[in-house]
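Let me begin by presenting the structure, written as structure tokens, before commenting on it.
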Protein chains: 2
Amino acid sequence: MLMRTTIEQDGSRAGRAARASSLRSVAGVIAMTGAPMNFARNCEIYGEGEPADYLYQVISGTVRTSKILADGRRQIGSFYLTGDVFGLEVDDEHTFSAEAITDSRVLVIKRSALVSLAARDSDVARQLWTLTGRELARVQDHILLLVKTAQERVVDFLLEMADRAPSGDTVELPMPRQDIADYLGLTIETVSRTLTMLENDGAIALPTSRRVTLRKRAALGRLNA
Amino acid sequence: MLMRTTIEQDGSRAGRAARASSLRSVAGVIAMTGAPMNFARNCEIYGEGEPADYLYQVISGTVRTSKILADGRRQIGSFYLTGDVFGLEVDDEHTFSAEAITDSRVLVIKRSALVSLAARDSDVARQLWTLTGRELARVQDHILLLVKTAQERVVDFLLEMADRAPSGDTVELPMPRQDIADYLGLTIETVSRTLTMLENDGAIALPTSRRVTLRKRAALGRLNA
DNA sequence: CGACCATTTGATATGGATCAAGCGATGTGG
DNA sequence: CCACATCGCTTGATCCATATCAAATGGTCG
């Protein structure tokens with residue numbers, strides 16, 4: 001089911017500079033040489049349990065991390081948008097697998113290089129720690145999501161996406177409903193119904209199924225808190 | 001509702017040595033001087049949003065971290081048993097609050113001391129990173145818990161506690177049902193009923209409400225995976 | 001003994017899952 | 001260029017796990 005990947009060895013200077021400027025806080029880390037790679041939609045980037053020899057930064061596209069439970073259900077850990085770093089592990093195994101949601105371009109960075117550099121350069125060490133801490137914060141928020149009602153989960157998700165890909169009040173959802181459902185711990189039907197409901201309530205507009213306009217963000221936020 | 005705390009300045013050598021031996025992996029970190037403090041049952045150790053000037057290690061007793069949601073519900077982040085480190089933040093604010101579940105003795109360590117030491121000593125930096133990574137792994141497991149059925153959650157919880165406080169197949173639960181419920185995202189009634197059901201099925205025994213004997217761990221594990 | 005708190009048990013309600021069908025875009029072969 | 005298969009999404013009907021509301025039980029401490 002997963003497709004083959006293509007590798008490119010470009011790594012243009014211009015691209016690097018642009019990235020660095022928009023991502024100050026991880027600048028130190030990504031200053032490392034890394035190879036840009038392209039992954040087609042639904043390509044696996046790494047699998048659960050594989051050695052975590054690399055970490056990754058999204059140059060363009062969207063990536064999800066996921067885990068298949070014993071009963072076959074799938075839980076999505078996170079979505080990663082342009083600029084986000086993923087796949088960084090403290091242990092040396094990936095605890096989730098990662099797939100490209102859309103055709104994506106990803107910077108691949110050797111973990112061992114960073115880890116050994118961190119042993120000498122405390123700034124790098126600090127960066128690694130910060131990145132893991134950021135991931136921790138993300139996952140903690142995710143836990144809070146999972147104990148809420150369906151409507152709260154969906155609204156939180158939309159607000160999160162809106163915050164992360166800032167383009168006014170219209171959010172482009174790169175992922176299918178099934179991914180959203182598996183992220184929120186709901187079924188695809190419940191996600192769909194909830195969106196319809198929010199639309200009927202005038203809280204959002206759905207020009208297309210993948211584009212959502214937040215009509216009253218303040219109200220939405222309050223609705224949930 | 002929260003009680004006052006008492007402070008002690010003891011810090012016996014014998015105690016330290018015993019701890020260090022049972023906690024190799026964080027030995028580097030806790031080698032730092034820290035003040036042991038006592039907290040009575042239900043005492044707040046720190047509050048959500050407070051500056052994270054200290055981190056903590058449980059010497060004896062049990063601690064929970066929690067967060068109150070907008071609608072008044074409470075989510076428990078984790079339970080910390082003897083030897084566990086908690087309250088370590090990458091940012092400088094506590095994202096959860098922490099309370100002693102039972103009368104507890106806790107080693108209090110100044111964060112700034114560690115952070116500045118980490119800037120010079122890469123082993124310490126590594127320790128900080130590892131501790132945060134361990135927390136991350138714990139929270140990720142927690143997410144997987146929250147999408148399971150009530151029975152699976154309860155069984156997972158019992159197995160987790162049994163692994164962490166190894167004393168054969170009998171687990172002593174230091175926390176009340178309400179804490180378990182708020183950890184598992186269930187109601188107290190559902191937790192209670194589920195335990196009763198497991199007992200009727202012969203999967204566990206409940207000599208007292210706070211003591212659980214796992215009758216068939218292998219089966220329990222398989223039951224859930 | 002009696003008050004209080006934690007826990008269990010019982011009866012009922014409900015949010016979201018499940019099962020099933022319809023719908024709208026997109027693409028493909030005749 | 002149209003018929004038709006496919007895929008992602010929505011909508012509908014029903015069911016069930018867990019929440020909610022309510023009361024009983026049991027253990028602890030003054």
> Starting at NZ of B/Lys148 and ending at C1' of D/dT18, how long is that distance when rounded to a whole Å?
Replying inline: 18 Å
> For A/Phe96, which residues count as a ring pair (Phe, Tyr, Trp, His ring centres under 6.0 Å) partner, sequence neighbours excluded?
Replying inline: none
>> Per the salt bridge (charged side-chain N to carboxylate O under 4.0 Å, His left out) rule, what does the pair list look like for residues 50-62 of chain A, sequence neighbours excluded?
In response: none
What side-chain donor-acceptor pairs closer than 3.5 Å can you find for residues 139-147 of chain A, not counting sequence neighbours?
from, atom 1, to, atom 2, distance (Å)
A/His142, ND1, A/Gly77, O, 3.2
A/His142, NE2, A/Tyr183, O, 2.8

>> Students often get this wrong, so: under 4.0 angstrom with heavy atoms, is B/Thr149 touching a base, only sugar-phosphate, or nothing?
In response: sugar-phosphate
For nucleotides 23-30 of chain D, tabulate all protein N/O to nucleotide N/O atom pairs closer than 3.5 Å, reporting atom names and distance.
none

> With sequence neighbours left out, what residues match B/Asp103 under side-chain contact (heavy atoms from CB on, under 4.5 Å)?
Replying inline: B/Ala40, B/Arg41
> Could you give all pairs that pass the salt bridge (charged side-chain N to carboxylate O under 4.0 Å, His left out) test and reach residues 160-179 of chain B, with sequence neighbours left out?
Replying inline: B/Arg64-B/Asp179, B/Arg74-B/Asp179, B/Asp84-B/Arg164, B/Glu160-B/Arg164, B/Asp163-B/Arg217, B/Asp169-B/Arg217, B/Glu172-B/Arg211
> Taking the side chain from A/Ser192 and the backbone from A/Ile188, do they hold a donor-acceptor pair closer than 3.5 Å?
Replying inline: no
> Partners of A/Thr102 by side-chain contact (heavy atoms from CB on, under 4.5 Å), sequence neighbours excluded?
Replying inline: A/Thr62, A/Ser104, A/Pro174
> Quick one: ring pair (Phe, Tyr, Trp, His ring centres under 6.0 Å) partners of B/Phe86, sequence neighbours excluded?
Replying inline: B/Tyr56, B/Tyr80
>> Among residues at least two apart in sequence or on other chains, which ones pass side chain to side chain donor-acceptor pair (under 3.5 Å) with B/Gln178?
In response: B/Asp182
> Which nucleotide span of DNA chain C, 5' end to 3' end, has atoms closer than 4.0 Å to non-hydrogen atoms of chain B?
Replying inline: C/dA6 to C/dA11
>> Does the protein touch nucleotides 5-13 of chain D at the base, only the backbone, or not at all? Give it as B, S and - per nucleotide, heavy atoms under 4.0 Å.
In response: ---SSBBBB
> Tell me, which pairs form a salt bridge (charged side-chain N to carboxylate O under 4.0 Å, His left out) where one or both residues lie in residues 184-209 of chain A, sequence neighbours left out?
Replying inline: none
> Within this structure, what is the CG-to-P distance between B/Leu184 and D/dA17, rounded to whole angstrom?
Replying inline: 18 Å
